[in-house]
Every structure is written in C-alpha cells, then in structure tokens.
Novice: 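Let me begin by handing over the structure; questions about it come next.
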Amino acid sequence: MNYIFIGNGIISLSTALNLKSKLSNSCKLTIIGESKRPGSATLAAAAMLNSFCEIEEDTFKNDINSFKFELSRNATIKWPEFIKEYSNLDASKSNKDKCFNTYGDLGTYLINNTSADNLDDLNYEAIINGLKKFNEPYNEIIPRDIPGYRPNQTDRSNRAIFIKNEGWVNPNITIKFIQETLEKDDRILFLNDRVTNIKQKNGKIDHVVLSSGVKLSGDKYLLASGANVSDLLFQSKIDINIPRIFYGVGVSLLLSNQNNEIKKCIRTPNRGLACGVYAVPYNSYLKNDKIVLGATNLISHKPINRARVISVYSLLENIVNQINNNFYKSEIDRINIGWRPTSADTFPLIGGTSLNNLIIATGTKRDGFHLSPVISEALVSILLNKKVDKRFEFFKPERKLIHLLSREQAIKKSVSHLMSASYQHGFNPGYISINNNLKSQFKDDLERLHDKVGAFDWGIPTEMIDMYRHDHINYK
C-alpha cells in the first residue's frame, strides 16, 4: 500500500504518527509540503490545549457542537500519551533540557474583565457551568494574585478561575519532534515541495503533480493541506462538491521580556469575531521566557501573507492594557501569521469522498492542533477501512452546508458578536441610545443581507457575514 499525504501540518503529521505502527514493511508513506510551512495555523498559534476555556454560550444547544466538545475533551485526555509517543519523554514529568512543556506543568487562568461587553460574561459563565457539568476541577481565585497579571486599573478583572488540567505546548517543538520521529522510519518520506494539481481518472485520484513537475501516484490520498484545500481542488477541476474552505487569517506576536512573570496561560473567554485575548509562555522553563500573545481573526477568500497594522496595533494595546502593563517595554521577536482553515458552514470536513481513494481533513479552524490526537485516530481508521464513530458523518466532506440557526437566531447572535467586536476596538457610546442605535443598524444590515442571499429559513454564521456579503459563497 502506498499512501500520499498532501500537506505537512499537524493533521498530516499526527495521522502519519498513528498510522506508522500499522504499516507493513512493504508500505510507503509520502508526506508532501514545503518545509517552511507558509501560512501554518499551528506555527502561528499559542497551542493552547483548552477544551473548557473554548466553551461558548451555545456550545451544548445542539448535537453537532456537543460532539465537537466531546472530541475536544477526549483530545485533552489523550495529549499526555501523544506527547510521550512523539517525543520519547515521560509525559508525567518536566524535561527542562529540551525546554518542552509537558503535562507536568499545566494550568490556565481564565479572567473575566470589562474591556469588551457582556458577551464575555455569558461565555465566562458558560465555561463555569461546563466545568460543573463534567466535574472538571477548578478554583475561583482573586485576579490580582495571578502571577504576571498587571492590567490597567480600568481593564482589571473582578473575577477569575484557575483550571488546572488545561495548558499548552510549544507548537514549533511539537512539529519538530513529530517530524523527527517520522523521519527515523524508512517507510516514510518527506518531500519539500508543493502539490499544484490533483489528477483524477475512473472515479479515483490517479496522481498528483508537484511544483517541481514531478508526478506521484499512490493507492490512497489524504488531503490535509489546511486553508488551501478548496483552491487546490478548484484548480485541479476535481469533481466533488464540498463546502468552500476560507483562510481564517490569525495574527499572534512573540515577545521577549527580561522580567517575565508569566509561567502559565492567562486568557479571556472567546469574544465576538475572535478568540479573545491571551498570553502564553513560549518555553516554560527558560528563565527569561518569551511570550506568545494573541490573537486576531479575519476570514478571507484568499491568502494574506503579511499582518495588517490594525491587527498588530490592537493586539499590543489589548495585551498591555488587559494582561500586563510592563509589556510596553518588551521587544517584538516575531509577528506570526497563520491561515486557520474555515469552512463555509464553520464545521470541519473529515472523511472519505465519492472519489474512493481520496480522504479530506480540513476546516478545523483554530482547533486542529488540539484535536489532532483524536482526528488522527479517526483518519487512520478511515484509511484502513475500519469503523469510526458514526457522528463523524456530521463532518463528511461532501455535504450541504450545515445550518444550525434560524434566521432570527443567527441575526441575534451576529448582532451580539458585532457589538462585542465594536467594544474590543474602542467603541464608547457615551449614552445608551447610541448603543441601541448601533445595535439597530447592525440588525437592519443583517436583515437586508439575509434577504439578498435568500436566507429566510436559515441563518448566516457570524464568521461568514462578509463572505456572503461579497459573494464568496455560492448560496443560490
């Protein structure tokens, strides 16, 4: 059996890691992707392994979101052994020599401040309710006791919790360790190249064409190249119909701080149109640690290769004001930009296709890294023609767009998120009437957009408003 993996991100690598122990000596696995991984969502991320911190007000209101949370929680449980498998470390102990944060040093501080609006409060309370529902241990703490938490007085939090079983790992070292582990296997080959065309014949994939002109054939293909999946299928004229994948452009910053006090993740709940504000140690065992700060979110129909001024400006302003005033003295080591693969209905694409040797895995947004231990297990089962949880049918690649919200529900949610985003960017109404007027404007605009696209008995996902507005989604 000859497997070809298109893409060398965390999904491809973790799937290869799970698959290699099941390969016969005659099997071959080729992983194709540029070694620098341009646009990698993983390498631009803080790699937070958060399940409960990602809960939002509507997480448990339908079966699909509930299943996504179940996958996320299972991934959190699997990460210690996953780390042990690819790094040859004891996942119950720290390893200071490699400066690698394992599950020996967990902990996330979740703060609830008033820098945005009450959507923060609703999500914060939903997280606490989720923790109680699943008997997950957490402690209520005094925010000013959080090490390294020194916000502006007007941005300080009045309540916070510490979730001891959630944490983070260094994404660069994770990718490096997994690839090094795979490279030791003679059956696995890495190609520093890019697939430019996929050729089909007789109802299956026949071969792929690389930018170097090389043609490669295999028995089974995994397409897990992130945000460019739709573009690659379109230019290859592959005859399958999947929800379009967009570029969820996220910006984060790597800072150096000579007097860093932050040794654990500090973050807010998710916010309107974004994942909130966070500060995460980069290498938790270095004396003068670097910090990853984030993150912004912009849905685009095309790749964006450089960070926008407003993204960097808002990140710095929010982190200095809401996390630690002393960051104003820090140095910017690197501006990271990654393309989170985001589908037109905002749900993942995981599974086989009508081309019987093509499997697709994308659309994971910012969850791909955290979910990689469970997604990779499912993909290996699919590659080996074994059964997977039937609920993965929710995410089958060839599907109609999933519509979970009615028009009324979607408009209400989008207005809430747009108001939150406005407050995040400095909106100060002064009088309540101005606040209400802005809400009315958002609602009227969304009503017109729903009319335009014929969304009468379904609602547009908040993240996709601009994609519908500018006709980047085929809704007719």
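Every heavy atom of this structure was used, including side-chain atoms; hydrogens, water molecules and symmetry mates were not.
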Novice: Given the rule in the salt bridge (Lys or Arg N to Asp or Glu O under 4.0 Å) test, do Asp444 and Lys439 qualify, once you have shown the distances and angles that lead to the verdict?
Specialist: CA-CA 9 Å; Asp444 292 345; Lys439 279 186 178 180; over 6 Å; no
Novice: Testing the 3.5 Å rule here: is there a donor-acceptor pair between the side chains of Asn241 and Glu398?
Specialist: no
Novice: For residues Phe67 and Phe392, establish whether the separation of their ring centroids is below 6.0 Å.
Specialist: yes
Novice: Just say parallel, tilted or perpendicular for the rings of Trp339 and Tyr247, cut-offs at 30° and 60°.
Specialist: perpendicular
Novice: Quick one: does Leu216's side chain get under 4.5 Å of Leu191's, heavy atoms only?
Specialist: yes
Novice: Does the side chain of Arg340 come under 3.5 Å of the side chain of Asn297 through a donor N or O and an acceptor N or O?
Specialist: yes
Novice: Between Phe69 and Phe134, is a ring pair (Phe, Tyr, Trp, His ring centres under 6.0 Å) present by the stated rule, with each step listed?
Specialist: CA-CA 11 Å; Phe69 176 78; Phe134 291 94; 5.2 Å; yes
Novice: Tell me yes or no: between the side chains of Thr196 and Ser211, is some donor less than 3.5 Å from an acceptor?
Specialist: no
Novice: Return yes when atom CG of Asn2 has more than 12 non-hydrogen atoms of other residues, nucleotides or ligands closer than 6.0 Å, and no otherwise.
Specialist: yes
Novice: Arg366 and Asn270: side-chain donor and acceptor closer than 3.5 Å?
Specialist: yes
Novice: Using a 3.5 Å distance criterion without hydrogens, assess whether the side chain of Thr353 forms a donor-acceptor pair with backbone atoms of Leu358.
Specialist: yes
Novice: Around atom CG of Asp63, are there more than 12 heavy atoms of other residues, nucleotides or ligands at under 6.0 Å?
Specialist: no
Novice: Looking only at heavy atoms, which two atoms of Ile11 and Ala361 are closest? And how far apart?
Specialist: CG2-CB, 3.9 Å
Novice: Report the C-alpha distance between Phe369 and Trp79 in whole Å, list the side-chain angles of each, state the deciding distance to 0.1 Å, and finish with yes or no for ring pair (Phe, Tyr, Trp, His ring centres under 6.0 Å).
Specialist: CA-CA 11 Å; Phe369 184 88; Trp79 262 97; 5.1 Å; yes
Novice: Can you name the closest pair of heavy atoms from Pro171 and Ala47 and give their distance?
Specialist: CD-CB, 3.8 Å
Novice: Provide the closest heavy-atom pair for Ile127 versus Pro269 in the form atom of the first, atom of the second, distance.
Specialist: CD1-CB, 4.1 Å
Novice: Lys28 versus Leu189: any side-chain heavy-atom pair under 4.5 Å?
Specialist: no
Novice: Is a side-chain donor or acceptor of Gln409 paired with a backbone partner of Ser406 at a separation under 3.5 angstrom?
Specialist: yes
Novice: Do Arg308 and Val312 have side-chain heavy atoms sitting under 4.5 Å apart?
Specialist: no
Novice: Taking it one step at a time, do Leu222 and Ile6 satisfy side-chain contact (heavy atoms from CB on, under 4.5 Å)?
Specialist: CA-CA 6 Å; Leu222 172 64; Ile6 304 169; over 6 Å; no
Novice: Would you indicate whether Lys22, at its atom NZ, is surrounded by more than 12 heavy atoms from other residues, nucleotides or ligands within a distance under 6.0 Å?
Specialist: yes
Novice: Identify the heavy atoms of Leu315 and Ala295 that sit nearest to each other, and give their distance.
Specialist: CD2-N, 3.7 Å
Novice: Which residue in the set Phe5, Phe177, Tyr86, Phe190 passes side chain to side chain contact (heavy atoms under 4.5 Å, CB included) when paired with Leu13?
Specialist: Phe190
Novice: Roughly how far, to the nearest 0.5 Å, is the CD atom of Glu377 from the OG1 atom of Thr15?
Specialist: 10.0 Å
Novice: Judged by modelled atom types alone, do Thr462 and Ser414 share a side-chain donor-acceptor pair under 3.5 Å?
Specialist: yes
Novice: Before giving the answer on side-chain contact (heavy atoms from CB on, under 4.5 Å), spell out for His403 and Asp457 the whole-Å C-alpha distance, their side-chain angles and the decisive distance to 0.1 Å.
Specialist: CA-CA 9 Å; His403 296 306; Asp457 57 356; over 6 Å; no
Novice: Can you confirm whether Val195 sits close enough to Ser225 that some side-chain heavy atom of one is under 4.5 Å from a side-chain heavy atom of the other?
Specialist: no
Novice: Examine the side chains of Gln200 and Asp206 and answer whether a donor and an acceptor come within less than 3.5 Å of each other.
Specialist: no
Novice: Of the non-hydrogen atoms in Glu56 and Thr59, which two are nearest, and what is the gap between them?
Specialist: N-OG1, 2.8 Å
Novice: Treating Asp345 as the side-chain partner and Ile402 as the backbone partner, does any N or O pair qualify as donor plus acceptor under 3.5 Å?
Specialist: yes
Novice: Within the distance-only criterion (no hydrogens, no angle test), does the side chain of Thr296 pair as donor or acceptor with the backbone N or O of Ser311 below 3.5 angstrom?
Specialist: no
Novice: Answer yes or no: is there a donor N or O on one side and an acceptor on the other, between the side chain of His472 and the main chain of Tyr468, under 3.5 Å?
Specialist: no
Novice: Quick one: do the Asn165 and Glu136 side chains pair a donor with an acceptor below 3.5 Å?
Specialist: yes
Novice: Please determine which of Ile350, Val388, Ile360, Asn18 meets the side chain to side chain contact (heavy atoms under 4.5 Å, CB included) test together with Leu379.
Specialist: Ile350
Novice: Could you check if a side-chain atom of Asn357 sits within less than 4.5 angstrom of a side-chain atom of Tyr3, using non-hydrogen atoms only?
Specialist: no
Novice: Does any part of the side chain of Ser343, heavy atoms only, come nearer than 4.5 Å to the side chain of Phe246, both counted from C-beta?
Specialist: no
Novice: Kindly indicate whether the side chain of Asn435, heavy atoms from C-beta on, has any atom under 4.5 Å from the side chain of Tyr423.
Specialist: yes
Novice: Using only atom types and a distance under 3.5 Å, with no angle test, would you say the side chain of Ser230 pairs donor to acceptor with the backbone of Ile245?
Specialist: yes
Novice: Within the distance-only criterion (no hydrogens, no angle test), does the side chain of Gln235 pair as donor or acceptor with the backbone N or O of Asn197 below 3.5 angstrom?
Specialist: no
Novice: Show your working on salt bridge (Lys or Arg N to Asp or Glu O under 4.0 Å) between Asp471 and Lys452 and close with a plain yes or no.
Specialist: CA-CA 10 Å; Asp471 298 323; Lys452 171 190 169 184; 3.5 Å; yes
Novice: Using the rule given for salt bridge (Lys or Arg N to Asp or Glu O under 4.0 Å), can you reason through Lys412 versus Glu408, listing the C-alpha separation, both sets of side-chain angles and the distance that settles it, and then say yes or no?
Specialist: CA-CA 6 Å; Lys412 181 179 179 181; Glu408 181 181 9; over 6 Å; no
Novice: Answer yes or no: does atom CZ of Phe456 have more than 12 heavy-atom neighbours from other residues, nucleotides or ligands under 6.0 Å?
Specialist: yes
Novice: Asn112 vs Ser157, test: side-chain hydrogen bond (donor to acceptor under 3.5 Å, both in side chains). Steps then yes/no.
Specialist: CA-CA 5 Å; Asn112 180 208; Ser157 173; over 6 Å; no
Novice: So, does Asn62 use its side chain to make a donor-acceptor pair with the main chain of Asn65 at under 3.5 Å?
Specialist: yes
Novice: Could you go through Leu438 and Met419, starting from their C-alpha distance and side-chain angles, then the distance that decides it, and tell me whether this counts as side-chain contact (heavy atoms from CB on, under 4.5 Å)?
Specialist: CA-CA 8 Å; Leu438 184 58; Met419 290 300 297; 3.8 Å; yes
Novice: Could you tell me whether the side chain of Ser300 and the main chain of Lys302 form a donor-acceptor pair under 3.5 Å?
Specialist: yes
Novice: Can you check whether Ile111 reaches Ile323 side chain to side chain, under 4.5 Å on heavy atoms?
Specialist: yes
Novice: Any donor-acceptor pair under 3.5 Å linking the side chain of Glu34 with the backbone of Arg194?
Specialist: no
Novice: If you take all heavy atoms of Glu166 and Phe52, which pair is closest and at what distance?
Specialist: OE2-N, 2.6 Å
Novice: Determine, for Phe60 and Lys133, whether the Lys NZ or Arg CZ falls below 6.0 Å from the six-membered ring centre while staying within 45 degrees of the axis.
Specialist: yes
Novice: Does the side-chain contact (heavy atoms from CB on, under 4.5 Å) test come out yes or no for Lys413 and Asp58, once each step is laid out?
Specialist: CA-CA 10 Å; Lys413 179 175 181 177; Asp58 59 354; 2.8 Å; yes
Novice: For Asn474 and Arg244, test the side chains for any donor-to-acceptor distance below 3.5 angstrom and give the result as yes or no.
Specialist: no
Novice: Could you check whether atom CZ of Arg391 has more than 12 heavy atoms from other residues, nucleotides or ligands sitting under 6.0 Å from it?
Specialist: yes
Novice: Answer yes or no: does atom CZ of Phe234 have more than 12 heavy-atom neighbours from other residues, nucleotides or ligands under 6.0 Å?
Specialist: no
